[in-house]
Amino acid sequence: MSRPLRILLSCPPTRRCSSFVSRMRLVNRLKADDDACAAALHGGRIFLFHSLSPLLQRTDRGTFRTSALTGSDLQSILKKLGSDESLLKESVLIGCSEQNQAQFCLDVGKNTVNPGYSRFWSCSGLCSGELDQAAVEEQCGGTFVDLRKAFFLLTSAEAPLVAKGQALLRWHQTNRFCSATGQPTHRNQAGSQRFCSSGSAIYYPKMSPVVIVLVSDGTRCLLGRQASFPRGMYSALAGFCDMGETLEEALCREVAEEVGLEVQNISYSSSQHWPFPHSSFMLGCHASVSPAHSQLNVDHSELEDARWFSLDEITCALQVKSPPRRGDPPVLWLPPPHAVANRLIREWVDRQRRGEDRP
Ligand SMILES: NC(=O)C1=CN([C@@H]2O[C@H](COP(=O)(O)OP(=O)(O)OC[C@H]3O[C@@H](n4cnc5c(N)ncnc54)[C@H](OP(=O)(O)O)[C@@H]3O)[C@@H](O)[C@H]2O)C=CC1
Ligand SMILES: [Mg+2]
């Protein structure tokens with residue numbers, strides 16, 4: 001039996017660690033030490049997924065929150081459902097709470113079937129088999145909700161947690177073979193790495209870098225929509241970075257490709273992990289064009305439409321709380337508060353109100 005983690009992981013007695021530092025060190029240690037990570041599972045909190053949909057609970061106020069079980073509670077539930085502890089060990093580490101409790105995600109749906117999933121605990125095909133969704137929901141008192149819906153039902157504190165968990169679970173489910181040798185890969189206990197069984201390669205979870213930019217001409221901001229967006233929704237321009245590009249190069253290329261403009265005055269705002277459709281690392285920026293060079297030439301193979309919007313139009317759109325329904329009059333709808341696009345738009349509005357963005 002391992003020593004209690006709090007002792008194992010504490011800072012040297014002469015130096016007091018801040019709680020942030022000790023949490024980061026706890027996570028780092030659990031990634032490196034399979035035994036410590038397996039021990040942490042029992043006292044940790046585990047967020048359940050079924051076929052990549054997170055388990056949510058409805059609160060008394062009708063809102064939704066994530067539902068995390070302790071390792072021991074989950075163990076009893078798994079036992080009741082005819083499963084065993086080896087399924088618990090397929091959990092992946094996603095972080096650590098402010099109370100220094102390790103946080104994990106576990107998919108009990110059909111994608112978990114992966115004989116030899118763990119490097120240290122051999123599993124037969126059966127032990128990592130799918131659990132019945134309705135039976136798990138009943139035992140846990142929650143509902144598995146598609147991530148696209150769940151992400152926007154949760155608060156901005158909880159949404160990134162399930163997004164990260166789903167992205168990590170998805171990465172494991174789609175990286176079971178080494179792309180160099182074709183051999184199966186195996187994970188460490190935390191799920192922060194996969195190893196080729198031939199010993200020739202280590203793989204780490206990946207995100208694709210995406211630049212997202214709100215272009216301003218001083219009094220208006222530029223938003224575009226793809227045909228696949230929900231009705232009425234426009235967002236900041238975005239695009240995947242090409243191999244070898246800087247953030248600035250990717251930004252200038254994307255704007256040139258999509259709307260035919262040359263931007264200047266690029267400034268970085270903030271970033272976010274975006275789980276849709278796969279894992280992207282969104283790098284949010286502002287940029288500008290002069291009003292004399294704001295004529296759009298939209299590439300309709302990329303965007304259904306792109307337009308300049310005034311401060312009044314954006315201010316009204318920020319008040320719209322739900323997407324327009326079929327039959328409703330056309331209304332501009334902006335990406336929801338969790339999206340970095342929304343943050344860029346709000347920053348632009350603030351700057352306009354302070355008169356900072358005008359030419
Ligand atoms: N969080 C937020 O606020 C927002 C997030 N986004 C996200 O930004 C992402 C990128 O925006 P989008 O305008 O679609 O990007 P792009 O303008 O780069 O166009 C997407 C196309 O680029 C190609 N592509 C190149 N590299 C990749 C890669 N690594 N992964 C996937 N496709 C690639 C694909 O073309 P092909 O299919 O022809 O191969 C794809 O259809 C989207 O996933 C979107 O969800 C967008 C707006 C707001
Ligand atoms: Mg794009």
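We count ligands from 1, going down the list as the structure has it; atoms in each ligand are counted the same way. These numbers come from a predicted model, not from an experiment.
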(request) Begin with the C-alpha distance, continue with both residues' side-chain angles, and end with the deciding distance and a verdict on side-chain hydrogen bond (donor to acceptor under 3.5 Å, both in side chains) for Glu347 and Ser269. (result) CA-CA 9 Å; Glu347 286 171 350; Ser269 159; 2.8 Å; yes
Distance below 4.0 Å between [atom] and any protein heavy atom?
| atom | answer |
| --- | --- |
| atom 37 (O) of ligand 1 | no |
| atom 27 (C) of ligand 1 | yes |
| atom 17 (O) of ligand 1 | yes |
| atom 34 (C) of ligand 1 | no |
| atom 6 (N) of ligand 1 | yes |

(request) Determine whether the side chains of Trp171 and Ser279 contain a donor N or O and an acceptor N or O closer than 3.5 Å. (result)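 The criterion, which ignores hydrogens and geometry beyond distance, is not satisfied for Ser279 and Trp171.
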(message) Is it true that His186 and Arg194 share a donor-acceptor pair across their side chains at a distance under 3.5 Å?
(response) no
Heavy-atom gap [X] to ligand 1 smaller than 4.0 Å:
| X | value |
| --- | --- |
| Pro277 | yes |
| Glu254 | yes |
| Glu258 | yes |
| Gln272 | yes |

Which residue supplies the protein heavy atom nearest to [atom], what is that atom called, and how far is it?
| atom | value |
| --- | --- |
| atom 45 (O) of ligand 1 | Trp274 NE1, 3.1 Å |
| atom 9 (C) of ligand 1 | Val210 CG1, 4.0 Å |
| atom 14 (O) of ligand 1 | Gln226 NE2, 3.2 Å |
| atom 29 (N) of ligand 1 | Phe240 CD2, 3.5 Å |
| atom 42 (C) of ligand 1 | Phe276 O, 4.3 Å |

Would you find a donor on one side and an acceptor on the other, under 3.5 Å apart, between the side chain of [X] and the backbone of [Y]?
| X | Y | answer |
| --- | --- | --- |
| Ser280 | Met282 | no |
| Gln319 | Cys316 | no |
| Asp299 | Val259 | no |

Short list, please: which atoms of ligand 1 are under 4.0 Å from a heavy atom of [X]?
| X | result |
| --- | --- |
| Ile212 | 3 (O), 4 (C), 47 (C), 48 (C) |
| Gly239 | 15 (O), 16 (P), 17 (O), 18 (O) |
| Met282 | 4 (C), 5 (C), 6 (N), 7 (C), 8 (O) |
| Glu302 | 17 (O) |

(message) Between Arg253 and Glu245, does any NZ, NE, NH1 or NH2 come within less than 4.0 Å of an OD or OE carboxylate oxygen?
(response)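 Salt bridge between Glu245 and Arg253, a charged N being under 4.0 Å from a carboxylate O: yes.
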(message) For the 3.5 Å polar cut-off, considering only N or O atoms, please tell me whether Ala238 and ligand 1 meet it.
(response) yes
(request) Output, by chain and residue number, all protein N/O/S atoms separated from the Mg ion (ligand 2) by less than 2.8 Å. (result)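 Less than 2.8 Å away from the Mg ion (ligand 2) sit Ala238 O, Glu258 OE2.
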(request) For this output row, return yes or no: ring centroids of Phe47 and Phe104 closer than 6.0 angstrom. (result)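 No, the ring of Phe47 stays outside the 6.0 Å limit from the ring of Phe104, centre to centre.
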(request) Verify the ring-centre separation between Trp274 and Phe151: is it less than 6.0 angstrom? (result) yes
More than 12 heavy atoms from other groups under 6.0 Å of [atom1] on [X]:
| X | atom1 | value |
| --- | --- | --- |
| Glu138 | CD | no |
| Glu304 | CD | yes |
| Arg61 | CZ | no |

(request) Determine, step by step, whether Leu87 and Glu90 satisfy the side-chain contact (heavy atoms from CB on, under 4.5 Å) criterion, reporting the C-alpha distance in whole Å, the side-chain angles of both residues, the deciding distance to 0.1 Å, and the verdict. (result) CA-CA 5 Å; Leu87 179 56; Glu90 292 185 7; 3.9 Å; yes
(request) Would you indicate which of Gly224, Ala341, Gly284 comes nearest to atom 3 (O) of ligand 1 when only heavy atoms are counted? (result)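 The nearest heavy atom belongs to Ala341.
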(request) Out of Ser235, Ser208, Cys241, Ser280, indicate the one that has the non-hydrogen atom closest to atom 47 (C) of ligand 1. (result)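 It is Ser235 that holds the nearest heavy atom.
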